[in-house]
Amino acid sequence: MPQPGDELFQVRLEKLDRLRSKGIDPYPRNYDRSHMAKDALELFESEESIESDSDDSTQVSVAGRITAMRGLGKASFLDLLDGSGKIQGMLRRNTLGESYEILKDLDIGDWLGIKGPMFRTRTGEITVEVREFEVLAKSLRGLPEKFHGLTDTETRFRQRYLDLIANPEAREIAIMRSRAVSVIRRFMDGRDFIEVETPMLVPVAAGGMAHPFETHHNALNQDLFLRIATELYLKKLIVGGLERVYEIGRIFRNEGIDLNHNPEFTTMESYESFADYNDVMNMVEELVHTVATEVFGASVVEYGGETIDLTPPWPRLSLVEQIKLHSGIDILECPDTETLVTEMQAAGIDVSAATSWAGMVDKLLSDRVEPHLIQPCFLVDYPVAMSPLAKKKPEDDRIVERFEAFAAGMELANAFTELNDPVEQRSRFEDQELQRTQLPGEEWDRLDEDFLTAVEHGMPPTGGLGIGIDRLIMLLSGQQSIREVVLFPQLRAT
RNA sequence: GGGCCGGUAGCUCAGUUUGGCAGAGCAUCGGACUUUUAAUCCGAGUGUCCUGGGUUCGAAUCCCAGCCGGCUCACCA
C-alpha cells in the first residue's frame with residue numbers, strides 16, 4: 001500500500017496537481033447519474049431484444065470506482081464498480097479528442113462518471129461508449145491486486161472497505177445481513193410488535209450470565225456496565241402494558257473471541273404478553289424460514305457441507321431426553337453436583353472446568369448434544385437451575401418452560417415463558433447471588449432491584465425470546481466465522 | 001489465558017529445511033498498440049524481510065524475547 005512519502009503516493013499527488021492544472025476539480029460535489037451499472041446493462045439487453053431503428057442505444061451516465069484499466073493506445077477500456085456491480089466503459093481518442101489525455105492521470109481506485117450510449121464489443125460485453133467523463137474523486141492509494149484479490153484476513157477486517165471493493169462475497173454478505181434485519185423488522189411489525197430502544201449503559205449487568213464491560217460516568221461519578229442483554233428493560237415495558245415489544249441491538253460480553261464470538265454482537269429480543277414458550281417456538285421457526293426465503297431465496301441452506309432444511313415445523317426435543325440419548329446420563333436422577341460429576345466422569349467427560357451443577361449440564365449439552373443438532377430443532381424444558389428468569393412447568397418444579405433453537409450444531413435462539421411471580425423471581429436472583437459467592441469462577445445472573453420492583457407491580461404472562469442475529473446470518477449465508485458477518489469485528493488495536 | 005501455524009515489495013506469494021548479492025506475477029513508471037477484459041509487447045524502480053536482542057566473517061534464514069494475525073483448547077451466545 002502506498003504510504004505518504006512513498007513513490008506510488010507521490011506519483012498520484014502529482015497526477016492530482018496535473019488534473020487541477022488542467023482545470024479539473026478532482027473532488028467535485030456531485031454527479032448526475034442516470035443508471036446503476038446493473039440497471040444500465042438490463043436496459044441495453046431489453047432494448048437489444050426489440051428491433052430498433054436507431055444505431056445508438058439510450059445514453060446512460062454511470063458512476064463508480066475504476067477497478068481495472070486496459071489501455072490500447074488511442075482506445076482504452078476500464079471497469080467501473082458501483083453499488084450494483086461492474087460495467088465496462090470504452091474511451092477512444094476519436095470521440096473524446098483532447099480530453100482523452102486526461103486518462104493518463106487516472107488510476108485504478110479513482111471514482112469516475114461516464115456518459116454515452118451502450119454497445120456490445122466483439123467479445124460480447126455490454127459497454128458504455130464514453131462520450132463524456134468526469135473525475136469524481138482521485139484516489140491516492142492503490143487497490144489490492146486484481147487477480148488474487150485481498151486475502152489477508154487481518155487487512156480484510158481492519159480495512160473492510162478494501163474487502164468490500166475486492167471481494168464480491170463481502171459485499172453480498174453485508175447487503176444480505178441488512179436485508180435480513182429488515183425482514184425481521186417487517187415480520188415483527190406485522191405481528192403488532194413495536195420496536196423499542198433500551199439503555200446500553202446500565203447500573204447492573206443483569207438478564208444473563210456473562211462477564212460485563214465496565215465503564216464510568218464522570219458527571220454522575222458512577223460506575224456503569226455495558227448491557228449483556230436487553231431482557232429486563234424489555235420486560236419492564238411489558239409491565240408497563242406495551243404488550244408486544246422487541247429490540248434489535250448490540251449487546252456486549254467481556255469474554256473470549258473466536259469463530260463464534262465477538263465481544264459486541266446483535267440480538268433481537270422480543271416479549272409478547274399472554275404468550276408462552278410454545279407460541280414463541282412457532283414464531284421462531286416461522287421467522288427464520290421467512291428470512292431464509294425472502295432474503296436468501298430458499299428454505300434450504302448449505303452449511304459446513306450439510307444441507308439444512310429450515311421448513312417448519314421443527315422437532316421439539318426434550319433436553320433431558322436428548323442428554324440421556326447422547327450421554328446415557330439422566331440428569332434428573334443426578335440432582336446434586338457429586339452424583340452428576342460421578343456419572344459424567346464415568347461417561348468419559350472432562351469435568352475439571354465446570355464447577356456447578358448447571359455448568360455441568362451445560363457442558364453435557366454443548367459436548368454431547370449440540371453437535372448432533374444439524375437440522376433445525378428446539379430443545380425444550382430446561383432445569384430450573386440453568387434458567388433463573390424462566391417460569392416452572394406446572395407439573396414439574398425442577399423444570400422450566402424454556403427452549404433453545406439449534407441448527408448446524410449452533411445455538412440460534414433462547415426463549416422461555418417468563419417468570420412473572422415477583423416473590424419467586426427474587427428468590428431465584430438471590431440464589432444466583434449466593435452461587436456467585438460460592439463459585440465466583442462461573443458467571444451468574446445478577447439481582448436487579450429495579451426490575452424486581454417492576455415485576456412486583458404485576459407482569460402479565462409473557463413469552464420472551466432472544467435470537468442471535470450474527471449467528472442467524474452465519475447460518476443463512478453459510479459462513480463459518482462470525483467475523484465474516486460483522487463488518488468490523490473486534491481485533492487487537494495496533 | 002494454553003497449544004500449533006504464520007508475518008518477505010502497494011497486493012498475491014516464492015526464498016527459511018542446508019546462513020553467502022532481496023526474488024516472481026499483478027500494481028507503479030517510460031515506450032508501442034483504436035473492441036480489450038488476469039489485454040499484449042519492449043524497458044525500469046520497488047523493501048524497517050513484523051520488532052528488539054543474540055550467535056556468526058556474514059542472518060529473511062539459526063537462537064531468545066516481544067508484537068500482530070489465523071486455527072485450536074478453555075470460557076461463552
Side-chain angles (χ1 to χ4, degrees), chain A residues 1-3 6-12 14-15 67-79 86-96 100 104 107-109 119-127 129 139-159 162-163 165-166 208-211 228-229 251-267 269 350 352-355 359 362-363 365-367 370 404-406 410-414 441-443 466-472 474 480-483 489 491-494:
Chain A
M1 194 122 320
Q3 303 295 325
D6 283 3
E7 186 198 330
L8 276 67
F9 199 93
Q10 282 308 319
V11 165
R12 291 197 176 204
E14 286 159 17
K15 289 177 176 177
T67 57
M69 291 214 282
R70 296 174 290 279
L72 292 92
K74 296 188 178 63
S76 294
F77 291 84
L78 50 79
D79 294 341
K86 277 186 184 180
I87 189 164
Q88 177 171 260
M90 182 181 73
L91 298 87
R92 297 198 304 165
R93 187 77 167 76
N94 282 5
T95 21
L96 293 166
Y100 185 78
K104 286 180 181 162
D107 286 294
I108 289 172
F119 71 105
R120 265 188 204 275
T121 63
R122 280 177 198 161
T123 48
E125 179 158 355
I126 301 168
T127 300
E129 188 210 321
S139 132
L140 301 180
R141 293 177 186 257
L143 288 184
E145 188 230 13
K146 61 188 169 188
F147 186 57
H148 298 93
L150 178 68
T151 60
D152 180 70
T153 47
E154 190 170 353
T155 308
R156 287 186 50 230
F157 298 151
R158 287 194 197 278
Q159 296 177 274
L162 295 177
D163 192 31
I165 294 165
M209 301 178 186
H211 196 256
I228 59 165
I251 64 177
F252 309 86
R253 298 193 176 183
N254 201 344
E255 289 157 1
I257 298 174
D258 64 25
L259 283 183
N260 292 304
H261 298 85
N262 195 59
E264 47 184 305
F265 61 106
T266 302
T267 59
E269 283 196 35
D350 174 26
S352 55
T355 48
D362 200 54
K363 186 166 179 60
L365 168 60
S366 50
D367 279 16
E370 263 191 49
E404 291 187 298
F406 293 87
M410 250 189 324
E411 185 192 329
L412 289 181
N414 179 25
E442 277 187 60
E443 290 299 335
I467 182 162
I469 300 297
D470 311 87
R471 292 205 181 156
L472 178 63
M474 285 169 67
Q480 310 274 330
S481 167
I482 195 170
R483 297 186 188 97
L491 297 177
R492 196 179 292 272
T494 49

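In what follows, chains are A, B, ... by sequence order, proteins preceding strands, each numbered from 1.
Comparing B/C4 with B/U46, their P atoms are spaced 39 Å from each other, to the whole Å. Using P as the reference atom, B/G54 and B/A14 are 31 Å apart when rounded to the nearest Å. B/U40 and B/C5 are spaced 39 Å apart, taking the P atom of each and rounding to whole Å. Rounded to the nearest Å, the gap between the C1' atom of B/A74 and that of B/U28 is 48 Å. When the C1' atom is compared between B/U16 and B/A22, the two are found 13 Å apart, to the nearest whole Å. Taking atom P in both B/G45 and B/U55, the straight-line distance is 37 Å, to the nearest Å. Nucleotides B/U8 and B/C13 are separated by 9 Å at their C1' atoms, to the nearest Å. Taking atom C1' in both B/G20 and B/G6, one finds a spacing of 26 Å when rounded to whole Å.
Residue A/Leu491 is classed as a sugar-phosphate contact, given heavy-atom separations below 4.0 Å to backbone atoms only. Among the protein residues, A/Arg483 comes within range of the sugar-phosphate backbone only, with heavy atoms under 4.0 Å from sugar or phosphate atoms but none that close to a base. Within 4.0 Å of A/Met209, counting heavy atoms only, lie sugar-phosphate atoms of the nucleic acid but no base atom. Across all strands shown, A/Gly466 has no heavy atoms under 4.0 Å from either base or sugar-phosphate atoms.
At least one donor-acceptor pair closer than 3.5 Å links the side chain of A/Arg253 to the backbone N or O of A/Ile228. The backbone N or O of A/Arg483 lies less than 3.5 Å from a partner atom in the side chain of A/Ser481, making a donor-acceptor pair. Although no hydrogens or angles enter the test, the distance criterion places a donor-acceptor pair under 3.5 Å between the side chain of A/Glu255 and the main chain of A/His211. At least one donor-acceptor pair closer than 3.5 Å links the side chain of A/Asp470 to the backbone N or O of A/Thr266.
Nucleotide B/A74 holds its P atom 18 Å from the CD1 atom of A/Ile257, rounded to whole Å. Note: NE2 (A/His211) to P (B/G1) measures 14 Å, nearest angstrom. Atom pair A/Glu154:CD and B/C67:C1' shows a separation of 10 Å (rounding to whole Å applied). Rounding to whole angstrom units, CG of residue A/Leu259 and P of B/A77 are separated by 17 Å. Following rounding to the nearest Å, A/Asn260 (CG) and B/A74 (P) show an atom-to-atom distance of 13 Å. Rounded to whole Å, the distance from CD on A/Gln10 to P on B/C29 is 13 Å. Remark: P of B/U36 and NZ of A/Lys86 are 18 Å apart, rounded to the nearest angstrom. Residue A/Asp79 contributes atom CG, which lies 13 Å from atom P of B/A27 at whole-angstrom precision.
A donor N or O paired with an acceptor N or O is found under 3.5 Å between the base of B/U36 and the side-chain atoms of A/Thr121. Side chain A/Glu125 to base B/U35: no donor-acceptor pair is found below 3.5 Å. At a cut-off of 3.5 angstrom, the base of B/U36 holds at least one donor-acceptor pair with the side chain of A/Arg70. Judged by distance alone, with hydrogens and angles left aside, A/Asp258 brings no side-chain donor or acceptor close enough to the base of B/C73 to form a pair under 3.5 Å.
The A/Lys363 side chain lies nearest to B/C75 when the options are B/C75, B/C29, B/U36. If you check B/A77, B/U36, B/C11 against the side chain of A/Pro144, the one that comes closest is B/C11. Residue A/Glu255 has its side chain nearest to B/A77 when only B/C68, B/A77, B/A27 are considered.
Remark: A/Lys15 is not in phosphate contact with B/U28, judged by side-chain N or O atoms under 4.0 Å from OP1 or OP2. Of the side-chain N and O atoms in A/Thr151, one or more sit less than 4.0 angstrom from OP1 or OP2 of B/C13. Between A/Arg158 and B/C68 there is no side-chain polar atom (N or O) within less than 4.0 angstrom of OP1 or OP2. Close to B/A77, at under 4.0 Å from its OP1 or OP2, lies no side-chain N or O of A/Arg471. Between B/G69 and A/Arg492, a contact under 4.0 Å exists linking OP1 or OP2 to a side-chain N or O.
Here the side chains of A/Phe77 and A/Leu72 are in contact, with some heavy-atom distance below 4.5 Å. Here the side chains of A/Thr121 and A/Met90 are not in contact, with every heavy-atom distance at 4.5 Å or above.
With a cut-off of 3.5 Å on both pairing distances, the Watson-Crick or G-U wobble partner of B/C71 is B/G3. Of all nucleotides present, only B/U51 satisfies the Watson-Crick or G-U wobble test against B/A65, with each distance under 3.5 Å.
Interatomic distance, OG1 of A/Thr67 versus NZ of A/Lys86, reported as 3.5 Å (0.5 Å rounding).
Comparing A/Asn262 and A/Phe119 by the nucleotide of RNA chain B whose heavy atom lies nearest to each, the residue mapping closer to the 5' end is A/Phe119. Residue whose closest nucleotide on RNA chain B sits further toward the 5' end, between A/Leu150 and A/Lys74: A/Leu150.
Checking A/Thr153, A/Thr151, A/Asp152 one by one against A/Thr155, the side chain to side chain donor-acceptor pair (under 3.5 Å) holds for a single residue, A/Asp152.
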